[in-house]
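See below for the structure under consideration.
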Amino acid sequence: MNVQNKPGPAPAQLTHQGRAVELPVRSGSIGPDVIDVGGLYKETGCFTYDPGFTSTANCSSKITYIDGDKGELLYRGYPIEQLAEHSDFLAVCYLLLNGELPTNEQFRDFSRTITNHTMVHEQMTRFYTGFRRDAHPMAIMVGVVGALSAFYHDSLDINDPDHRRVATIRMLAKTPTIAAMAYKYSIGHPFMYPKNDLDYTSNFLRMCFATPCEDYRVHPVISRALDRIFILHADHEQNASTSTVRLAGSSGANPFACIAAGIACLWGPAHGGANEAALNMLEEIGSVDRIPEFIKKAKDKTSGFRLMGFGHRVYKNYDPRAKVMQKTCHEVLTALDITNDPLLKVAMELERIALQDDYFVSKKLYPNIDFYSGITLRAMGFPVSMFTVLFAVARTVGWIAQWKEMMEDPDQKIGRPRQLYIGSPRREFPMI
Ligand code: ACO
């Protein structure tokens with residue numbers, strides 16, 4: 001089979017068993033064209049084969065754009081660096097959900113609505129006591145976010161735009177509360193109710209770190225840094241967890257169940273779990289003199305070891321989020337007067353050595369967002385097990401925006417990949 005793509009929107013020519021087939025080519029606003037293979041099976045009796053979707057677009061979207069070679073990330077057209085510097089997380093949520101930055105009035109209304117929905121149904125607290133104290137907070141997140149559909153029946157009709165709107169607000173508002181409760185439960189503290197005079201991120205920090213006996217004074221640098229970390233993680237187009245949310249939603253499942261599916265996918269170490277894995281790795285390395293040993297191991301395919309926080313399916317250049325993350329890491333450590341963090345020293349030296357090593361250079365393996373996020377979150381006081389939970393809190397808006405876009409897309413149909421069957425052909429059941 002041989003595909004010759006003509007420039008521009010002219011159709012691609014594919015020859016299969018001597019027969020020429022024309023496949024339409026579609027152009028986006030920026031980025032690579034796509035060859036529309038939707039009619040291929042009908043025309044040729046063949047499927048396409050692309051495990052891991054390395055060359056396959058599953059949808060069209062207006063939300064997020066990544067140029068992996070340039071190291072560029074845009075939310076609704078705005079560069080991530082500018083949003084991280086000049087905006088805040090709730091405004092970015094509004095942007096991702098609605099397509100435009102909010103006016104002052106729209107922002108006031110939006111944040112008031114979110115703030116008024118931060119409490120969870122009181123009966124949900126009993127849900128937590130069913131989990132073991134040593135349960136991983138991501139396991140609790142999967143269960144409790146999924147359980148929202150058992151508590152909020154009045155926002156489950158996916159075909160009703162008002163139900164979709166209410167479900168969106170509930171998930172955005174309640175995910176930080178659920179996450180903070182997962183943390184509090186794991187350390188045996190009483191849950192802290194949200195406090196409505198605080199902004200979204202400060203409220204989350206307080207729910208995590210205050211106790212009924214001692215309030216938590218929110219440090220403005222820490223709150224701003226966490227808000228920025230939320231912005232950096234808010235969306236990342238069709239990554240594994242977002243694709244999971246879309247696939248779950250394509251069957252008509254309710255939004256709470258879809259987001260729970262996204263959280264489950266995010267948990268894996270090749271995805272959101274990498275920040276936890278990166279920090280564990282830095283701790284295992286421990287000191288600068290052991291770096292060469294770990295670099296050697298990462299290059300040895302038989303070791304099964306990879307440099308965590310390095311490499312990315314899409315970025316073949318420095319992850320633009322990693323640059324902002326590195327700066328945020330320095331700001332947080334300075335604000336907390338941590339002048340000589342040994343892990344930061346190891347991370348910076350590891351990055352320097354890897355970026356000069358031919359193995360990493362030739363494979364275009366650069367630090368990703370997870371490389372510095374663990375050091376930063378740990379300095380803020382979060383245990384390692386909460387890192388992916390924080391990612392889930394931030395990514396909830398991206399998942400919902402993508403789910404909402406899919407629900408409003410007239411071309412949407414149930415996701416149903418095909419396969420190349422390599423098992424036994426038909427055979428008869430042995431009659432003994
Ligand atoms: N350390 C050492 N070698 C690596 C690494 C790494 N971190 N990442 C990739 N490679 C090598 C692979 O061995 C492979 O080598 P080969 O071509 O000689 O076989 C080559 O680079 C390409 O790797 P793939 O796994 O094919 O690349 P893919 O795009 O499938 O994987 C991934 C991307 C999963 C992120 C990978 O780089 C990885 O495992 N990184 C470590 C985990 C991590 O940091 N994940 C976070 C991703 S960002 C996020 O989810 C927010």
Side-chain angles (χ1 to χ4, degrees), residues 50-56 64 66 68-69 71 73 75 80 84 138 228-245 262-285 291-326 328 346-347 350-351 353-377 384 387-399 402:
D50 184 17
F53 302 107
T54 53
S55 298
T56 299
T64 294
I66 303 173
D69 293 324
L73 169 61
Y75 291 167
I80 190 67
M138 279 301 274
R228 197 179 295 141
I229 291 172
F230 284 167
I231 294 175
L232 297 179
H233 287 85
D235 195 48
H236 213 226
E237 52 117 308
Q238 309 312 318
N239 56 85
S241 57
T242 302
S243 300
T244 302
V245 170
I263 295 173
C265 177
L266 184 74
W267 195 0
H271 192 8
N275 51 17
E276 186 172 334
L279 191 88
N280 289 340
M281 178 193 74
L282 292 174
E283 271 175 346
E284 199 189 334
I285 297 174
I291 291 174
E293 177 195 328
F294 281 80
I295 294 266
K296 194 168 161 222
K297 211 161 95 176
K299 289 167 24 179
D300 174 5
K301 289 272 182 313
T302 60
S303 72
F305 172 78
R306 286 185 170 197
L307 277 194
M308 286 293 144
F310 254 78
H312 198 275
R313 169 60 61 78
V314 181
Y315 293 118
K316 300 302 168 197
N317 200 327
Y318 214 99
D319 178 343
R321 303 167 302 170
K323 283 189 192 145
V324 181
M325 196 70 228
Q326 191 194 44
T328 304
V346 172
L350 181 62
E351 176 185 344
I353 294 175
L355 293 183
Q356 288 176 356
D357 189 300
D358 193 46
Y359 174 93
F360 295 92
V361 174
S362 64
K363 293 185 191 303
K364 300 187 175 168
L365 298 169
Y366 293 85
N368 60 48
I369 187 170
D370 294 319
F371 194 64
Y372 286 102
S373 63
I375 302 175
T376 317
L377 296 174
V384 172
F387 292 177
T388 316
V389 174
L390 297 169
F391 192 160
V393 169
R395 183 56 60 83
T396 296
V397 67
W399 290 327
Q402 301 268 352

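Ligands are counted one by one from 1 in listed order, and the atoms in each one are counted from 1 as well. Both backbone and side-chain heavy atoms feed into the values below; hydrogens, waters and symmetry mates do not.
- Counted within 6.0 Å of OH on Tyr359, heavy atoms from surrounding residues, nucleotides or ligands total more than 12; the atom is thus considered enclosed.
- The nearest pair of heavy atoms linking Ala392 to Trp399 is O-CZ3, 3.9 Å.
- Within 4.0 Å of ligand 1, heavy atoms belong to protein residues Ala270, His271, Ala274, Ala298, Lys301, Arg306, Leu307, Met308, Gly309, Phe310, Gly311, His312, Arg313, Tyr359, Lys363, Leu365, Asn368, Ile369, Asp370, Phe391.
- Figure legend: Lys364 and Tyr366 shown without cation-pi pairing, the cationic atom not lying both under 6.0 angstrom from the six-membered ring centre and within 45 degrees of its axis.
- Among Thr242, Asp235, Asn239, the one residue that satisfies the side chain to side chain donor-acceptor pair (under 3.5 Å) test with Thr64 is Asp235.
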Quiz prompt | Steps toward side chain to side chain contact (heavy atoms under 4.5 Å, CB included) verdict (His236, His312) | solution = CA-CA 12 Å; His236 213 226; His312 198 275; 3.6 Å; yes
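- Pairing each heavy atom of Phe371 with each of Ala347, the nearest pair is CE2-O, 3.3 Å.
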